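So you know, we letter chains A, B, ... as the sequences are listed, proteins then strands, and number each from 1. Because only heavy atoms are used, hydrogens play no part in the values below, and waters and symmetry mates are left out as well, while side chains stay in. All of these numbers come straight from a predicted model, not from anything done at the bench.
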There are 2 protein chains.
Amino acid sequence: MGTKDRKEREKEELRELILRAAKDIFFEKGYAQTSIRNIADRIEYSPGTIYLHYKDKDSIFHALQQEGFKLLRQQFGVLQVVADPFERLKAMGRLYLKFAMENPEYYDLMFVIRAPMNVLEEEACWDEGQTAFNVLVNVVQECVQQGHFKGHDAEEMAYVIWSTMHGMATLSIRGRCRVISDEKRETIEILGYETFVQMLNCI
Amino acid sequence: MGTKDRKEREKEELRELILRAAKDIFFEKGYAQTSIRNIADRIEYSPGTIYLHYKDKDSIFHALQQEGFKLLRQQFGVLQVVADPFERLKAMGRLYLKFAMENPEYYDLMFVIRAPMNVLEEEACWDEGQTAFNVLVNVVQECVQQGHFKGHDAEEMAYVIWSTMHGMATLSIRGRCRVISDEKRETIEILGYETFVQMLNCI
DNA sequence: AAACTTAATGAACAGTGTTCAGTAAATCAA
DNA sequence: TTGATTTACTGAACACTGTTCATTAAGTTT
């Protein structure tokens, strides 16, 4: 009989319900306001129930982090059609920045906030991040094979590129871009990105 | 009579005592563990007393943030002896990274954590950050006058440079550098910095 | 000595993450 | 169908958190 199956399905549904509520509150009111009690209230369960489906608060945010990586992967997927590796690399940078600006909460969870990283054991750590970085390294490697970045190691180049994109993203997300003059502030990420691409072009 | 003077001195001393305790706990056990009660316990005062000297928890961290900027300013001070602006710019980058790696807690407070920024009113916001960025823009401007970064706006260049350094710093501080291969991880910031300087050189 | 000022307290409030004994419903075995 | 067992869920309790405020005690002034 399918009782067990139904039970497992219901269990999975509640797990998903918790995650949706957590995401909604997190996106609406921020990390601090996303408490176990607030999540429980919203789905009309008691706080204790949350712990039947998630080890602790951190692991809820870890699940949301993975959701963020899934979304980023999906968006990166369309870049497969770009044949030229350097063009693909540039499109990746643009898309990465776009993702960060449009999904600052996800970005924060994926690349800034410490909480979802506490969940990771010493062994299997941050697989999603590793995979994403590998994709970047591979593209850079292809660029190298086509004659770009002469005399530079692919992983090193990938790291510098990632750092610059990540720096722009986090300065913006964490409110440190007030230092930019008014007329440029709105578009500084795009301007900065273009400048950086020019630097990549001439190396 | 100097009673009033003494009183004010004592008041200032307690303010300083609170800040020292807050800094120690923050550096030892991190942001989450730095509670008002823990601070009060350490200096053997009641929690209420803290609020006679600081508006709230955020403003304690704001005071620590300013301390961080003071330290960074001091370290940057020695670079005044470097006459050539491009050499000074490169030294600034090195020093900025060194500061971030040696004082990750201060760096976090200055450039990542949101809390000390909540204190800022809409008007006078993040003066220390603004001043620091201006210093960078000025050095870049000098470089431009010497023929560097042809056709590029100084503020834009400064932003890209800052983003890259900030990106490297935060990836490291927030534990996102596990993706780098073992043999490079230890020195990736230096390797990355050198690669970036080469990019600056050929633009 | 009395009046006033100031500094410090610590209990109280409303919140937090997390645990766990207890309950009630659903399922299984006889 | 009844009794035993498993399962899902509850909500009170614990030890915390930031913050406020009436009360107390000490110091200063008149």
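- Here the C1' atom of nucleotide C:dA7 and the CG atom of B:Leu17 are 15 Å apart, to the nearest Å.
- Partner B:Asp182 forms a salt bridge (Lys or Arg N to Asp or Glu O under 4.0 Å) with one of B:Arg178, B:Arg185, B:Lys184 and no other, that one being B:Arg185.
- Regarding contacts with the backbone of C:dA7, a side-chain N or O of B:Lys11 is found under 4.0 angstrom from either OP1 or OP2.
- D:dT10 atom C1' lies 13 Å from atom CG of A:Asp41, rounded to whole Å.
- The side-chain heavy atoms of A:Asp108 and B:Arg114, taken from C-beta on, include a pair separated by under 4.5 Å.
- Below 30°, between 30° and 60°, or above 60°: for B:Phe61 and B:Tyr31 the angle between ring planes is between 30° and 60°, a tilted geometry.
- Remark: the A:Asn138 side chain and the A:Glu142 side chain contain no N/O donor-acceptor pair separated by less than 3.5 Å.
- Two end axes, each from the C1' atoms of five base pairs, can be drawn for the helix from C:dA1-D:dT30 to C:dA30-D:dT1; they diverge by 20°, to 10 degrees.
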Could you list, one pair per line, each protein nitrogen or oxygen that sits under 3.5 Å from a nitrogen or oxygen of nucleotides 16-22 of chain C, together with the distance?
residue : atom : partner : partner atom : Å
C:dT16  : OP1  : A:Ser35 : OG           : 2.7
C:dT16  : OP1  : A:Asn38 : ND2          : 3.4
C:dG17  : OP1  : A:Ile36 : N            : 3.3
C:dG17  : OP1  : A:Lys57 : NZ           : 3.1
C:dG17  : OP2  : A:Ile36 : N            : 2.9
C:dG17  : N7   : A:Arg37 : NH1          : 2.7
C:dG17  : O6   : A:Arg37 : NH2          : 2.8
C:dT18  : OP2  : A:Tyr51 : OH           : 2.7
C:dT18  : OP2  : A:Lys57 : N            : 2.9
C:dT18  : O5'  : A:Tyr51 : OH           : 3.2
C:dT18  : O4   : A:Arg37 : NH2          : 3.4

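- Between B:Arg15 atom CZ and C:dA8 atom C1' there is a gap of 17 Å when expressed in whole angstrom units.
- Taking atom OH of residue A:Tyr45 and atom P of nucleotide D:dC9, one finds them 5 Å apart after rounding to whole Å.
- Atom pair A:Glu8:CD and C:dT27:P shows a separation of 14 Å (rounding to whole Å applied).
- With ring centers used as reference points, B:Tyr96 lies under 6.0 Å from B:Tyr107.
- The CD-C1' distance, from B:Glu12 to C:dA7, rounds to 16 Å in whole Å.
- By the neighbour-count criterion of 12 heavy atoms within 6.0 Å, atom CD of A:Glu87 is densely surrounded, having more than that number from other residues, nucleotides or ligands.
- Other residues, nucleotides and ligands contribute over 12 non-hydrogen atoms within 6.0 Å of the CD atom of A:Glu183.
- Between the CD1 atom of B:Ile50 and the P atom of D:dT19 there is a distance of 11 Å, rounded to whole Å.
- A:Glu44 has its CD atom 10 Å from the P atom of D:dT10, to the nearest Å.
- Distance CG/A:Leu200 to CD/A:Gln198: 10.5 Å, rounded to 0.5 Å.
- Residue B:Tyr106 is tested with B:Phe27, B:Phe69, B:Phe26 for a ring pair (Phe, Tyr, Trp, His ring centres under 6.0 Å); the sole match is B:Phe27.
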